[in-house]
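Okay, so here's the structure we're looking at.
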Amino acid sequence: MLIKLQNLEGILPVKLYLPFDLINHNNYTSMGKDIPSRSEDYSLWYNELVKKADLAEHSDVRGCMVIKPYGYSIWEKMQQALDKMFKDTGHMNAYFPLFVPKSLFEAEEKNAEGFAKECAIVTHYRLKSDPQHPGKLMVDPDAQLEEELVVRPTSEAIIWSTYKKWVQSYRDLPILVNQWANVVRWEMRTRLFLRTAEFLWQEGHTAHATADEAVRETVQMLDVYADFAESFMAVPVIKGRKSEGEKFPGAIDTYCIEAMMQDGKALQAGTSHFLGQNFAKAFDVQFTNKEGKLDYVWGTSWGVSTRLVGALIMAHSDDDGLVLPPKLAPIHVVIVPIFKHADELAKISEKAQEIAAALKKLGFTVKFDDRDTHKPGFKFAEWELKGVPLRLAIGPRDMENGTVEVARRDTKEKQVVKMDEIVSKVPVLLDDIQDSIYKKALEFRTRLTTRVDTYDDFKRVLDEKTGFILAHWDGTPETEAAIKEETKATIRCIPLDAPAEAGKCIYSGKPSDRRVLFARAY
RNA sequence: CGGGGUGUAGCGCAGCCCGGUUAGCGCACCACGUUAGGGACGUGGGGGUCGGAUGUUCGAAUCAUCUCACCCCGACCA
C-alpha cells in the first residue's frame, strides 16, 4: 500500500508516492496497517480509518454516505444514551414531515436566508416514460407542484407551524419534544460523518411561556450534551456561547460544545439555541398567559448528529485503528481462542463460552471469535482496528495454567489473569479504559490550549502549535471577520466559565472583558 | 460554486502522451495442502460492458466533445 501525498501544485501534474513502511510500519501489505500515520495527513488517515474499520463508505448518491452496520451500531449506542437523557429531562419523541412547503420555510427570514443556499427542493411528483429514450424515464412536466417542497435542512419551520395549532393557553405549555430524523443540507464539500449531504440527527424543539424558562431549557440541554460527550464519548468539551457571526440563523443565542480533535482543530459537537420569540412571531404562535394577555411563545432548539461518530473517531483513535470508549462500544469484549486442532478448539470453546455467558449476564456485549479461517494474529489486529476495548485470548497454555490473557485496546497492555478472576476483572478494566481515554484527551487539550496576548503570538501558535487559543477580543463582528480572513481561525465560543479579566483585543487593541476561544475548525 | 486532479476486477494501481493480438499487476476472493500465542505459506483457479453518452477511425481504455461521480484547495456549514 502506498500513501498519496499532495500534488506539487503547479509544478508537475503527477502524484508523489511514498511506501508506507518508510514512515512507520513494517507490514504494510496486510489489512489494517495501511492506515496512514496520523502525523502524515490527518484527513487521509481519518478517511482510511473509517473505511478500514468498516464504519461507513461514500454512497454513489451525491454527497451521501452509507453507514455500515458496525458504524451504525455506534450511532445506536449514542442514540440510546441520549434518548434516555432526553426522557430523564422530561422530553418525548415525535415525528414531523420531511417536506417543508416553501412558504413555511421562508416565514422566519433569517433562518430561511441562512439555509437557502443548501436546500434540496422537490418540484415534481411524477415521472413518465421518455418518448425520446425508450426504457428511460423523464420528469413529467405536467406534474409540477404548485408550491415547491423543501427537504428539511432543519425542522423549525414545519414544527413551529404545527405548534401554532397546539398552543392556545399557558396550560398547553411547555411543549418538550424531540425528533430523531434525517435532514439534508446540500453541502459543497462532504466528509464521512463530519459533513454529508444527508445526515442523521436528533433535534429538540421546545416551546415555553416565559423567556426565563426557555433560557433554562437551552442551558439544560447544553449541559446534557456536555455530560454525554464527557461521560459517554470520553471527549472533554468546552461549553460556550457563539458570537453573532457564528450563531444559528433565527436564534437569539446559540450555545455550543466544542471538542478538540487530535490534529488540534476544533469540532462543534452540539448546539442548543435560545430562539426567543422569533419563530413564534414568524408562525404566529400565541397563547393566553396567566394574566389573560396574549403573548408569543418562547422557543428553543437543540441538536447533535452523526457527526459525533466522527468526533469519537478523531478524538481517540491511533495508528492501529479505532479506540472506542467502553460505554459506546458495540462490542465490549472479544474472546480469541488459540488452537491448532478442532478438538483443542472444542475444549477452549467450552471455557470461553462460560466466560462469555458470565460477562453477558453482567450486561456486556461479548464476541467469541472462533473462526477457523483466520489466525489469531489477524484477529487481534482486526478487533483492534474496530476498537473493541478488551480482548481475551485463550490458548493451550492458558488451559493448562488456568489463565486468560487480557489486552486493553487503549494502551495495548497485556496481562495474564486467572480464569476464575477474569469475570470480575473485566468491569474494572472497562471502567479504567473509559476513564483513562478521557483523561488522555483532556491532557491533550490542556497541552494544546494556549493563552496569547498579541496577534503575532496568535498567528505563530496557530501555525506551529495548533490547538485552542484563549485571547481577548473586542466583541465586534468586524474584528472576528478580519481574523478569520487572515488566519482561518474562528471564534469557537465565548466559554461560559470564562472569568472576567480586563485585557486588550489582540487585533484591534480595544478593551475586552474576557478571553474567548479561537481555533481552526472542521 | 471557482481552481486543480482522478474514474480500468471487491480494494489499491499500471497501461493512455505516441489508437492495433485475448487489458495487466499487488492485495482480497475460491479450491487443495501445510500452518496457527501478533496481520502465514505453496500450488492452482475465478472475477472487467476500462464511470456514462456521443463523435473521429478499418480499429478506441487510449483521441475529441458533452455528462455524471469522487478527491484535494478555496467559499459555505452540524
Side-chain angles (χ1 to χ4, degrees), chain A residues 1-15 17 20 25-34 41 43-44 47-48 51-52 57-64 114-118 133 136 153-154 183 185-191 193-197 199-203 225 246 248-249 254 256-258 267-273 302-311 320-321 336-341 344-345 348 371-385 391 393-399 403 405 407 412 414 416 484-485 488 490 521-522:
Chain A
M1 168 79 185
L2 302 168
I3 72 159
K4 198 183 291 179
L5 296 180
Q6 292 301 310
N7 288 2
L8 289 174
E9 208 175 315
I11 298 175
L12 287 170
V14 297
K15 288 176 203 139
Y17 292 95
F20 186 60
H25 290 299
N26 305 321
N27 190 347
Y28 59 88
T29 53
S30 304
M31 171 186 184
K33 280 290 185 188
D34 48 1
D41 183 330
S43 74
L44 185 64
N47 275 331
E48 286 294 313
K51 281 179 221 156
K52 294 286 175 199
E57 62 194 23
H58 283 289
S59 156
D60 294 335
V61 181
R62 189 220 167 266
C64 292
F115 286 104
K117 284 176 287 181
E118 48 189 358
H133 303 94
K136 304 274 184 189
T154 179
V183 288
R185 296 184 187 174
W186 213 260
E187 300 290 351
M188 295 306 159
R189 240 176 102 193
T190 60
R191 302 191 62 188
F193 288 113
L194 299 181
R195 191 180 304 110
T196 47
F199 59 93
L200 304 179
W201 77 348
Q202 108 347 264
E203 44 181 331
Y225 287 156
E246 296 275 332
F248 180 74
T254 288
C256 62
I257 51 173
E258 293 285 330
L267 183 80
Q268 180 174 305
T271 48
S272 184
H273 315 291
W302 28 274
V304 296
S305 71
T306 36
R307 165 178 267 204
L308 289 182
V309 178
D320 294 316
V336 178
I338 294 153
F339 58 95
K340 285 184 188 158
H341 313 291
E344 212 164 50
L345 173 62
I348 295 169
R371 289 175 293 176
D372 58 4
T373 50
H374 296 278
K375 291 176 54 171
F378 180 91
K379 295 178 185 175
F380 292 174
E382 191 181 56
W383 294 114
E384 275 162 14
L385 181 60
R391 179 188 71 232
I394 309 175
R397 209 157 66 207
D398 297 298
M399 293 302 282
T403 57
E405 181 194 81
K412 304 201 82 184
K414 291 184 217 176
V416 175
K484 183 178 178 181
E485 174 72 23
K488 301 202 177 24
T490 49
Y522 277 97

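Numbered from 1 within each chain, the chains take letters A, B, ... in sequence-line order.
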Report task. May I ask you to say what A:G395 touches in the nucleic acid, namely base, sugar-phosphate or nothing, with a heavy-atom cut-off under 4.0 Å? Result -> base
Query raised in the report: Does the aromatic ring of A:F199 sit over the six-membered base ring of B:A78, closer than 5.5 Å centre to centre and tilted less than 30°?
Result: yes
Report summary line: Picking from B:C77, B:G74, B:G39, the nucleotide nearest the side-chain atoms of A:E118 would be B:C77
Report task. Indicate, yes or no, whether a donor-acceptor pair under 3.5 Å links the base of B:G38 to the side chain of A:E384. Result -> yes
**Report entry** A:R397 side-chain proximity, nearest of B:A78, B:G37, B:G39
**Finding:** B:G37
Query - Nucleotide of B:G37, B:C77, B:G38 approaching A:I338 most closely (side-chain heavy atoms) - result: B:G37
Report task. Could you work out which one of B:C76, B:G38, B:G37 sits closest to the side chain of A:P396? Result -> B:G37
Query raised in the report: Taking OP1 and OP2 of B:A36, is either one under 4.0 Å from a side-chain nitrogen or oxygen of A:K379?
Result: no
Query raised in the report: With sugar-phosphate meaning primed atoms plus P, OP1 and OP2, does A:F115 contact a base, only sugar-phosphate, or nothing at under 4.0 Å between heavy atoms?
Result: nothing
Report task. Give the nucleotide from the list B:A78, B:G38, B:C77 with an atom nearest to the side chain of A:R391. Result -> B:G38
Query raised in the report: With a 4.5 Å heavy-atom cut-off, do A:E382 and A:H374 have their side chains touching?
Result: no
Query raised in the report: Rounded to whole angstrom units, what separation is found between the CZ atom of A:F378 and the C1' atom of B:C41?
Result: 16 Å
Report task. Whole angstrom is fine here: how far is it from OH in A:Y522 over to C1' in B:C72? Result -> 14 Å
Report summary line: Whole-Å distance, A:K414 NZ to B:G37 C1', equals 8 Å
Query raised in the report: Considering only B:A78, B:C71, B:A40, which nucleotide approaches the side chain of A:Q268 most closely?
Result: B:A78
Query raised in the report: Between B:A78, B:A36, B:C72, which nucleotide gets closest to the side-chain atoms of A:N47?
Result: B:C72
Query raised in the report: Going by the angle between their ring planes, with limits at 30° and 60°, are A:F199 and A:W201 parallel, tilted or perpendicular?
Result: perpendicular
Query raised in the report: Among B:G39, B:G37, B:A36, which is the nearest nucleotide to the side chain of A:K340?
Result: B:A36
Report task. Output all residues satisfying side-chain contact (heavy atoms from CB on, under 4.5 Å) with A:T271, sequence neighbours left out; order by chain, then residue number. Result -> A:T254, A:C256, A:Q268, A:H273
Query raised in the report: Considering all heavy atoms of both residues, which atom of A:T490 and which atom of A:A521 are nearest to each other, and what is their separation?
Result: OG1-CB, 4.4 Å
Report task. Would you indicate what A:G63 reaches in the nucleic acid, counting non-hydrogen atoms under 4.0 angstrom: base, sugar-phosphate, or nothing? Result -> sugar-phosphate
Requested in this report: Please work out if A:K117 contacts a base, only the sugar-phosphate, or nothing of the nucleic acid, heavy-atom cut-off 4.0 Å.
Outcome: nothing
Query raised in the report: Within the structure shown, what part of the strands sits under 4.0 Å from A:S305 by heavy-atom distance: base, sugar-phosphate, or nothing?
Result: base
Requested in this report: Name the closest nucleotide to the A:K484 side chain, picking from B:C77, B:G74, B:G38.
Outcome: B:C77
Query raised in the report: Considering only the P atoms, how many Å lie between B:C71 and B:G59, rounded to the nearest integer?
Result: 38 Å
